Undergrad: 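This is the structure, below, for whatever I ask next.
Note that the structure is predicted; figures quoted are calculated from it, not measured. Sequence lines set the chain letters: A, B, ... in the order given, protein chains first and strands last, and positions in each chain run from 1.
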There are 2 protein chains.
Amino acid sequence: MGAGTASLRDVAELAGVSITTVSHVLNDVPGKRIAAKTRQRVRSAAAQLEYRPNKLAQGLRSQRSYSLGFVSDLVATTPYAVRMVLGAQEAAANLGYLLFLVTSGGDQDLEAQQLRALLDRQVDGLLYASMFHRVVEPPALLEAAPVVLLNARCADGRYSSVLPDETGGAWAAVEELARQGHKRIGFLHNELDIPARSLRMRGYQEALAAHGIDFDPELVWCGEDAPGGYAAARELLDRPECPTALFCFTDRMAMGAYQAAQELGLRIPHDLSIVGFDDQEVVSAGLRPGLTTMALPHYEMGRWAVTELMKRIDAGSDVPPTHALLDCPLVHRESVAAPREAR
Amino acid sequence: MGAGTASLRDVAELAGVSITTVSHVLNDVPGKRIAAKTRQRVRSAAAQLEYRPNKLAQGLRSQRSYSLGFVSDLVATTPYAVRMVLGAQEAAANLGYLLFLVTSGGDQDLEAQQLRALLDRQVDGLLYASMFHRVVEPPALLEAAPVVLLNARCADGRYSSVLPDETGGAWAAVEELARQGHKRIGFLHNELDIPARSLRMRGYQEALAAHGIDFDPELVWCGEDAPGGYAAARELLDRPECPTALFCFTDRMAMGAYQAAQELGLRIPHDLSIVGFDDQEVVSAGLRPGLTTMALPHYEMGRWAVTELMKRIDAGSDVPPTHALLDCPLVHRESVAAPREAR
DNA sequence: TAATAGTGCCAAAACGTTTGGGCAAATACT
DNA sequence: AGTATTTGCCCAAACGTTTTGGCACTATTA
């Protein structure tokens, strides 16, 4: 009844064989001829001592630490990003891997220091994650191990990357509204210089076009977070020819839009349909009525990244990088209905 | 210009000394007499080769892996808990430690499996974290390493633990309202069987008592999340003698209360003051007006936990466990004012 | 000059694995 | 019976460190 501290030697001694043999048996090394009886003896000795291999020693010897580094700019304020970590962690666990989690807070020196700490521990690969979709300039240290970019891509496409399909998401959101018969669909847009900005704009425009609706720049208004969403929505809804539906860049902006609608006496979805983006549950499920919104596939991206990273670890760095775009599923709640006019 | 893959032997060769000497120099081993010149030579050789010690080898030899395990039930849906991880991670990084992050999702077998994976990697200690404050029954495997309980405690107090001061937080929240002159302070309470429930209730009652206000069970109504908060608030506010202020168990319930208030034509904070709990920023900063609320000291708890864990790692398990209660700071926004009657 | 003390360095074992190259004994062929 | 083959196992080196216990010099002292 070992306290889990038994070594290969202890097992060997108890089984009356050499360390080599124990190793061969426990690892099922192919091509090694060992009598069934001996195997049995070894296994039961190992079981009896509750033998567990020391991963440090294993890693030292076989150049495989079975651990990965998850590097992210800031895990802090962004709640949904947690699902990225979770997806990665679960996928890793299934393969016998563990994740080192480090955050740089955006500080380059700190990031380098953390990366070195990871490499010192001989991680087999790195997940370089951004908390919001962006183009990154990966630090030189990343060269030292297989890498996959998560929720980010680099300008030269050198590393594999996985991103949400922003355009497709925006497209589907607007499609959902257009299908209900909406013609005047406002867009509560973001003003940050991030890829999602132009990508979702594209989706918005293309979906409009697909439904034969002319793009009207007057129906696009920028802002940020709930206050920005509120202001932008007031702006759009205070007009004579106001939109019957709003597509919001984030759930938080949608939250602001709800407030504006309420103040103006517009009932959702009767007088105004709203679709958000992010499926930030505290907001989308907390609002009344529940907010129909596009979910970001954070969990799936985390999983994808690990799977891809494994391929690269196993195959060496000669395989060309892959770039994935994952779907943003529509989450139906109660904020969308046909426009009044169409009823 | 080594690719970071130089070993002690390479440095020794380049400096023309033995491995031993290099180790002594680079580790500043006290009591070792080595000529200043030699030291210089070794250091510059190490620098030139960009030598970095292999932590696997170090750990194997010196029984210190400089890594910790962060075990949590589920990192998933709960966004604020992220700050716990962050606090732990930053504190660990400052001490040269890295964090392995694992989540069990509440599954006992999976948890055991993950714990073993951590122990296999010879972690120096474990952070056993709960995503919401609760009493846990720690698995037997925790015995195998120093442990600190994070946002949790065990019934027998065997392990060190750190928790938010729920009672103090509730006390301060109600105090904030009472100080403004509110006499009828409703409590939108939770109905789950968790420690926070009775602890906050105690804070609520004590603060009332401190202000000479009689506790009125009629002013306490249970529910959960935004919908529950909405329902409970409707219940309380629809009366003739309705409360002038609401203390909400969570920000999400407060969100529901906002909706109820809006429907009833009550303006916040003019007609109704509200204090929440959690400081879940998407909600508290997203509501109009901003929600005054009690923040949970997740970040600080994370920090405290690794500090405590370090003590226990360094001191052996003979030092008695410590149990900390950390303050919940009040976050002022715009949802509190004096009651109308008092103006 | 010889004993003593101090200085500067190193060899080797150990941590717990994996793995290539064995070598005896048992079995199969001629 | 003698050779070839197979079976079953083990030795020892290696991974990259830390650490103990020296050993060979040089400098000091008597």
Undergrad: Is the shortest heavy-atom distance from the side chain of B/Gln89 to the side chain of B/Val306 under 4.5 Å?
TA: no

Undergrad: Pick the nucleotide of DNA chain D nearest each of B/Ser23 and A/Ser18; which residue has the one closer to the 5' end?
TA: A/Ser18

Undergrad: Considering only D/dT17, C/dG16, D/dC11, which nucleotide approaches the side chain of B/Ile19 most closely?
TA: D/dT17

Undergrad: Are OP1 or OP2 of D/dT17 and a side-chain N or O of B/Tyr66 less than 4.0 angstrom apart?
TA: no

Undergrad: Closest nucleotide of DNA chain C for A/Arg33 versus for A/Ala57: which of these residues is on the 5' side?
TA: A/Ala57

Undergrad: Counting only side-chain N and O atoms of B/Asn54, is one of them less than 4.0 Å from OP1 or OP2 of D/dC15?
TA: no

Undergrad: So A/Lys55, base contact, sugar-phosphate only, or nothing? Heavy-atom distance under 4.0 Å.
TA: nothing

Undergrad: Which part of the nucleic acid, if any, lies within contact of B/Val29, taking any heavy atom under 4.0 Å across all strands shown: a base, the sugar-phosphate backbone alone, or nothing?
TA: nothing

Undergrad: Give a yes or no on whether a donor-acceptor pair under 3.5 Å exists between the nucleobase atoms of D/dC11, that is its base, and the side chain of A/Thr20.
TA: yes

Undergrad: Identify whether any heavy atom of B/Ile34 sits under 4.0 Å from a base atom; if not, whether one sits that close to sugar-phosphate; answer base, sugar-phosphate or nothing.
TA: sugar-phosphate

Undergrad: Among the candidates C/dT17, D/dT17, D/dT20, find the nucleotide nearest to the side-chain atoms of B/His24.
TA: D/dT20

Undergrad: Do B/Tyr97 and B/Asp124 get their side chains close enough for a donor-acceptor pair, meaning under 3.5 Å?
TA: yes

Undergrad: Closest to the B/Thr38 side chain: C/dT18, C/dT17, C/dC9?
TA: C/dC9

Undergrad: Rounded to whole angstrom units, what separation is found between the CZ atom of B/Arg64 and the C1' atom of C/dA14?
TA: 19 Å

Undergrad: Just how far, in rounded Å, is P of D/dG16 from CG of A/Leu119?
TA: 15 Å

Undergrad: Between A/Ser7 and A/Tyr51, what is the shortest heavy-atom contact and its length?
TA: C-CE1, 3.7 Å

Undergrad: Side chain of B/Tyr51 only, please: which of C/dC9, C/dC15, D/dT17 is the nearest?
TA: D/dT17

Undergrad: Under 4.0 Å between a side-chain N/O of A/Arg9 and OP1 or OP2 of C/dT17, yes or no?
TA: no

Undergrad: Of the candidate nucleotides D/dC15, D/dC10, C/dT17, which contains the atom at the shortest distance from the side chain of A/Val17?
TA: D/dC10

Undergrad: Expressed in angstrom and rounded to an integer, what is the separation of B/Lys37 atom NZ from C/dT7 atom C1'?
TA: 15 Å

Undergrad: Assess whether one donor atom and one acceptor atom, taken from the side chain of B/Arg61 and the base of D/dT17, lie less than 3.5 Å apart.
TA: no

Undergrad: Tell me whether the side-chain N/O atoms of B/Ser7 come closer than 4.0 Å to OP1 or OP2 in D/dG16.
TA: no

Undergrad: Just checking, any donor-acceptor pair under 3.5 angstrom between side chains of A/Glu308 and A/Tyr159?
TA: no

Undergrad: Taking only side-chain nitrogens and oxygens of B/Gln58, does any of them come within less than 4.0 Å of OP1 or OP2 of D/dT18?
TA: yes

Undergrad: Measuring from the side chain of B/Thr21 (C-beta onward, heavy atoms only), which nucleotide among C/dT18, C/dC10, D/dT17 has the closest atom?
TA: C/dC10

Undergrad: Output the rounded distance in Å from CZ (A/Arg52) to C1' (C/dT17).
TA: 15 Å

Undergrad: Identify the heavy atoms of B/Arg39 and B/Asp28 that sit nearest to each other, and give their distance.
TA: NH1-OD1, 4.2 Å

Undergrad: For the residue pair B/Tyr66 and B/Gln122, confirm or rule out a side-chain donor-acceptor distance under 3.5 Å.
TA: no

